[in-house]
Protein chains: 2
Amino acid sequence: MICVENGGRVYSITQLCQEFDVTARTIRHYESCGLVEPARQGQRRVFSERDRVRLRLVLRGRSLGFNLSEIAEMIDLYDLDPSEVAQLERTLAYGRQKISQLESKRAAISEAIEELRAWERKLGVQLQRRLRQQSEEGKR
Amino acid sequence: MICVENGGRVYSITQLCQEFDVTARTIRHYESCGLVEPARQGQRRVFSERDRVRLRLVLRGRSLGFNLSEIAEMIDLYDLDPSEVAQLERTLAYGRQKISQLESKRAAISEAIEELRAWERKLGVQLQRRLRQQSEEGKR
DNA sequence: ACCGTACCTTACGTTAACGTAAGGGTCAAT
DNA sequence: ATTGACCCTTACGTTAACGTAAGGTACGGT
């Protein structure tokens, strides 16, 4: 069931649960942390497209080993209107720090991938040897 | 203080704590999970080079958002001697699965980096504009 | 009128990954 | 002989991130 409200597509909590494979409890928890800010129709939460995007960002951050407060700081970078220059500079500096943090994480992952690939090649060779041995035994 | 025991460099718990910036409790916890297996001199733990490598792998995995049991499975791939071919194939399949998991994580990180970089460029432009405005005001 | 479904709040429970305190051993140096 | 550094075990405490149960609301369909 697709819902639209004054021009924007909106989502119920269970729709988002199904899309991202999380429980409602999880999304409500994220709301209580300020990670999403659904509107209300009576009691019910009404999630906007923006909420949906933020939810996706939260889940991505979570899978990368950030905790929810770090994630909050990071995604809050995207929607702020810093009036003071000083504030703007601090924000920019913080963002750059986060970028380099992410880059070193990526480097760590790349290392891990390379190591596992080397391991895989080694084990693949072993496996081939074993299989040939077995077929030799089969001929006798 | 550098210690060597029958040909191999060994480490005390505090040496590893300092090197990797973790507490002794953390390392002992990893031992209780089987992530490191230090020898003993009396009561004291004696860590080998292998333990040190494994500790490094554990910390890397942790920073990438894996839990300790996932990490255990992954680093145990490196030192096993699978006698049966079936077991070897299962192990290889598991390793390949982990590789693709890591690859999708890397892709997610790359996305996050790109988004933040775009954000940074945008904010940088804003900042320049503000600074020019300020210097204009200064001239008057 | 009744039911089922979707949704809500409140609040206690759980798990992983340690933190932290208490009490004790060993050994070299003063 | 005592002190301080380093290390140990045992065991309860803590935090984040939800899980889960209990009880209630709203509403479209039969």
Side-chain angles (χ1 to χ4, degrees), chain A residues 1-5 9-48 51-52 54-76, chain B residues 1-5 9-48 51-52 54-76:
Chain A
M1 202 223 194
I2 292 172
C3 285
V4 177
E5 207 177 39
R9 168 87 203 264
V10 296
Y11 305 85
S12 78
I13 195 167
T14 29
Q15 285 175 334
L16 292 184
C17 288
Q18 286 164 3
E19 178 172 357
F20 294 110
D21 192 35
V22 294
T23 68
R25 178 67 175 91
T26 298
I27 297 185
R28 293 193 192 110
H29 181 56
Y30 292 164
E31 183 190 13
S32 79
C33 299
L35 292 167
V36 293
E37 293 167 334
R40 299 281 175 138
Q41 290 193 58
Q43 274 198 319
R44 308 204 162 176
R45 275 162 255 257
V46 179
F47 294 87
S48 66
D51 288 314
R52 185 162 156 270
R54 296 191 65 147
L55 183 54
R56 191 205 308 286
L57 292 178
V58 171
L59 296 176
R60 190 179 69 186
R62 193 183 64 165
S63 89
L64 298 178
F66 294 97
N67 62 41
L68 297 186
S69 44
E70 287 177 297
I71 294 174
E73 287 180 331
M74 293 180 67
I75 68 183
D76 281 343
Chain B
M1 203 222 189
I2 292 171
C3 284
V4 177
E5 207 176 38
R9 169 86 204 263
V10 296
Y11 305 85
S12 78
I13 195 167
T14 28
Q15 283 176 336
L16 293 184
C17 288
Q18 287 165 2
E19 179 172 357
F20 294 109
D21 193 34
V22 294
T23 69
R25 178 67 175 91
T26 299
I27 297 186
R28 294 195 192 108
H29 180 56
Y30 293 165
E31 183 190 12
S32 79
C33 299
L35 292 167
V36 292
E37 293 167 333
R40 299 283 175 135
Q41 290 192 60
Q43 275 198 316
R44 308 203 162 177
R45 276 163 254 257
V46 179
F47 295 86
S48 65
D51 288 314
R52 185 161 156 271
R54 296 190 60 137
L55 182 55
R56 191 205 308 284
L57 293 178
V58 170
L59 296 175
R60 190 179 67 187
R62 193 183 64 167
S63 89
L64 298 178
F66 294 97
N67 62 41
L68 296 188
S69 44
E70 288 176 297
I71 294 174
E73 287 180 331
M74 295 180 65
I75 68 182
D76 281 343

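Order of the sequence lines fixes the chain letters, A, B, ..., with proteins taken first and strands second; residue numbering starts at 1 for each chain. Being a predicted model, the structure only gives us computed values, none of them experimental.
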Within residues 54-66 of chain B, those residues having any heavy atom closer than 4.0 Å to DNA chain C are R62(B)
Any heavy-atom pair between the side chains of L57(A) and M74(A) that's under 4.5 Å?
no
Would you call I27(A) and F47(A) a side-chain contact if the rule is heavy atoms closer than 4.5 Å?
yes
Side chains of D76(B) and R54(B): does their closest heavy-atom pair fall under 4.5 Å?
yes
Which of residues 17-39 of chain A have a heavy atom under 4.0 Å from DNA chain C?
R25(A), R28(A)
Non-hydrogen side-chain atoms of R56(A) and L59(A) separated by less than 4.5 Å:
no
Does any non-hydrogen side-chain atom of E5(B) lie less than 4.5 Å from one of Q41(B)?
yes
Trace of the side chain to side chain contact (heavy atoms under 4.5 Å, CB included) decision for E19(B) with R52(B)
CA-CA 10 Å; E19(B) 179 172 357; R52(B) 185 161 156 271; 2.8 Å; yes
What is the distance, to the nearest angstrom, from the CD1 atom on I13(A) to the P atom on dC7(C)?
8 Å
Are the side chains of R40(A) and R45(A) in touch, meaning some heavy atoms are under 4.5 Å apart?
yes
Side chains of Y30(B) and L55(B), heavy atoms from C-beta outward: is any pair under 4.5 Å?
yes
I'd like to know if the side chain of T23(B) and the backbone of T26(B) have a donor-acceptor N/O pair within less than 3.5 Å.
yes
Under 3.5 Å, which protein N or O atoms sit close to an N or O of nucleotides 23-25 of chain C? Give each pair with its distance.
from, atom 1, to, atom 2, distance (Å)
dG25(C), N2, R44(B), NH2, 3.1

Is the phosphate of dA6(C) approached by S12(A) (side-chain N or O, under 4.0 Å from OP1 or OP2)?
no
Take the protein atom CZ of R45(A) and the nucleotide atom C1' of dC8(C), then report the distance between them rounded to whole Å.
7 Å
Using atom types as modelled and distance alone, determine if a side-chain donor or acceptor of Q15(A) lies under 3.5 Å from a backbone N or O of I2(A).
no
Any side-chain heavy atom of D51(B) sitting closer than 4.5 Å to one from E31(B)?
no
note: Q15(A), atom CD; dT5(C), atom P; distance rounded to Å ~ 17 Å
What integer distance in Å separates M1(B):CE from dC6(D):P?
11 Å
